[in-house]
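To start, the structure itself, in structure tokens.
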Amino acid sequence: MARVSQEHLDARRRQILVGARRCFARNGFHATSMQDVLKEVGLSAGAVYRYFSGKDALIDAIAEEAFAVLKEAFDEAARQSPPPLPDELLAYVLRKCFAGTGFDTEQEFGQLVLQVWGETTRNERLRTRVGEAVSVMRAGWTAVVKDYQRQGIFPADTTPEFAARTLMGCAMGYITQQALFGDLRIVELQEGLRGVMRMEVPNAS
């Protein structure tokens with residue numbers, strides 16, 4: 001019997017993950033059964049269970065992949081020197097996220113991310129994993145803010161971690177809006193951020 005190549009095994013695993021995440025993004029983790037996944041990917045139960053022991057294993061793998069993409073996008077942005085200003089930085093991160101996941105639409109990607117975030121409220125193992133990823137991302141963004149301060153373009157009296165949390169919140173808020181409404185473009189986020197960054201108090205002394 002001919003041996004199955006690693007390339008074939010990897011492609012089959014990818015096929016299963018892509019089909020499962022489409023089901024989860026469309027119907028949620030708990031409303032999706034393994035039968036739904038089997039139908040989506042067009043494979044037998046034996047073929048799927050060869051790679052994943054069940055729905056929880058699929059959820060873990062999909063969550064791991066989604067947050068790996070997010071983490072790499074944040075880390076890559078944080079490594080730029082000098083880092084671009086927040087409007088360009090957030091746009092860069094978001095575009096890397098969407099390009100790196102291979103979803104058909106940004107809204108579908110956002111819907112899956114929301115499912116992962118929601119799952120952390122009941123899955124302690126996943127909550128710990130997500131918490132670790134967020135901590136790493138926060139550290140990267142904090143380093144970016146400190147770089148802004150060294151360049152004199154960011155207020156020195158602002159706590160870098162607080163600013164980092166705010167920048168992350170903008171990215172997470174964008175993903176949430178895409179998931180719920182699908183009507184916000186990255187260029188619109190950039191324009192809004194540029195306006196906020198230029199705010200001034202009239203006649204301030």
Side-chain angles (χ1 to χ4, degrees), residues 21-22 24-25 28-29 59 61-121 123 126-151 153-155 158-199:
R21 73 186 190 188
R22 283 178 179 158
F24 293 144
F29 288 132
I59 292 171
I62 289 170
E64 184 77 19
E65 182 180 68
F67 278 93
V69 171
L70 283 168
K71 178 182 179 298
E72 176 56 28
F74 276 107
D75 287 351
E76 190 172 332
R79 287 194 296 266
Q80 296 186 57
S81 183
L85 293 180
D87 59 317
E88 292 294 333
L89 190 60
L90 285 169
Y92 174 84
V93 168
L94 290 166
R95 289 191 176 107
K96 288 287 290 186
C97 288
F98 297 137
T101 52
F103 277 95
D104 293 333
T105 66
E106 293 179 9
Q107 185 173 20
E108 189 180 40
F109 170 78
Q111 288 168 341
L112 180 66
V113 172
L114 286 194
Q115 292 292 335
V116 171
W117 288 341
E119 184 67 9
T120 63
T121 63
N123 186 325
L126 181 59
R127 181 166 62 249
T128 298
R129 174 66 187 86
V130 170
E132 292 170 351
V134 169
S135 294
V136 171
M137 287 188 285
R138 187 184 305 131
W141 280 94
T142 299
V144 168
V145 174
K146 289 179 178 179
D147 203 353
Y148 288 154
Q149 290 176 322
R150 283 192 292 270
Q151 296 176 51
I153 60 176
F154 198 91
T158 300
T159 303
E161 185 176 345
F162 296 167
R165 287 176 177 267
T166 301
L167 289 168
M168 290 175 63
C170 287
M172 295 167 77
Y174 176 86
I175 292 172
T176 300
Q177 289 189 68
Q178 276 290 20
L180 297 177
F181 312 114
D183 62 351
L184 180 64
R185 296 180 300 160
I186 292 177
V187 293
E188 295 169 343
L189 173 67
Q190 287 182 274
E191 181 179 331
L193 276 173
R194 282 194 290 268
V196 171
M197 289 160 56
R198 291 198 303 267
M199 289 177 63

First locate atom OG1 of Thr120, then atom CD of Gln115, and finally report the distance between them rounded to the nearest 0.5 Å.
11.5 Å
For Gln177, enumerate each residue passing the side chain to side chain donor-acceptor pair (under 3.5 Å) test, keeping only those at least two apart in sequence or located in another chain.
none
Strictly distance-based, threshold 3.5 Å: is any side-chain N or O of Glu106 a donor or acceptor partner for the main-chain N or O of Gly182?
no
Is there a side-chain contact between Gln151 and Pro83 in this structure, where contact means two heavy atoms from C-beta onward sitting under 4.5 Å apart?
yes
Nearest 0.5 Å please: distance from the CZ atom of Arg198 over to the CZ atom of Arg194.
7.5 Å
From Leu90 atom CG to Leu167 atom CG, the distance as rounded to the nearest 0.5 Å:
5.5 Å
Of all the heavy-atom pairs spanning Tyr92 and Glu76, show the shortest one and how long it is.
OH-OE2, 2.6 Å
Look up atom CD1 in Ile153 and atom CG in Leu85, then write down how far apart they are to the nearest 0.5 Å.
5.0 Å
Considering all heavy atoms of both residues, which atom of Leu193 and which atom of Pro86 are nearest to each other, and what is their separation?
CD1-O, 4.2 Å
4.5 Å side-chain heavy-atom contact, Val134 and Arg138
yes
Look at the side chain of Tyr148 and the backbone N and O of Pro84, then say whether any donor-acceptor pair between them is shorter than 3.5 Å.
yes
Any side-chain heavy-atom pair from Leu89 and Trp141 closer than 4.5 angstrom?
yes
Can you tell me how far the CD1 atom of Ile186 sits from the CD atom of Gln178, to the nearest 0.5 Å?
8.0 Å
Any donor and acceptor pair, going by atom type alone, linking the side chain of Tyr174 with main-chain N or O of Leu184 inside 3.5 Å?
yes
Kindly indicate whether the side chain of Val196, heavy atoms from C-beta on, has any atom under 4.5 Å from the side chain of Asp87.
no
Apply side chain to side chain contact (heavy atoms under 4.5 Å, CB included) to residues Ile175 and Phe109 and explain how you reach the verdict.
CA-CA 8 Å; Ile175 292 172; Phe109 170 78; 4.3 Å; yes
Of all heavy-atom pairs linking Val116 and Phe29, the shortest is N-CE1, 3.7 Å
When rounded to the nearest 0.5 angstrom, what is the spacing between CD in Gln107 and CZ in Phe98?
10.5 Å
Do other residues, nucleotides or ligands put more than 12 heavy atoms under 6.0 Å from Gln80 CD?
yes
So which atom in Pro155 and which in Gln149 form the shortest heavy-atom distance, rounded to 0.1 Å?
O-NE2, 3.0 Å
Hey, could you give me each pair passing salt bridge (charged side-chain N to carboxylate O under 4.0 Å, His left out) that has a residue in residues 162-185? Not counting sequence neighbours.
Glu161-Arg165, Arg185-Glu188
Which atom of Thr158 lies closest to which atom of Ala163, heavy atoms considered
CG2-CB, 4.2 Å
Would you mind checking if Glu64 and Arg129 are paired as a salt bridge, meaning a charged N to carboxylate O distance below 4.0 Å?
yes
I need the minimum non-hydrogen distance between Gln190 and Ala91, along with the two atoms involved.
CD-CB, 3.5 Å
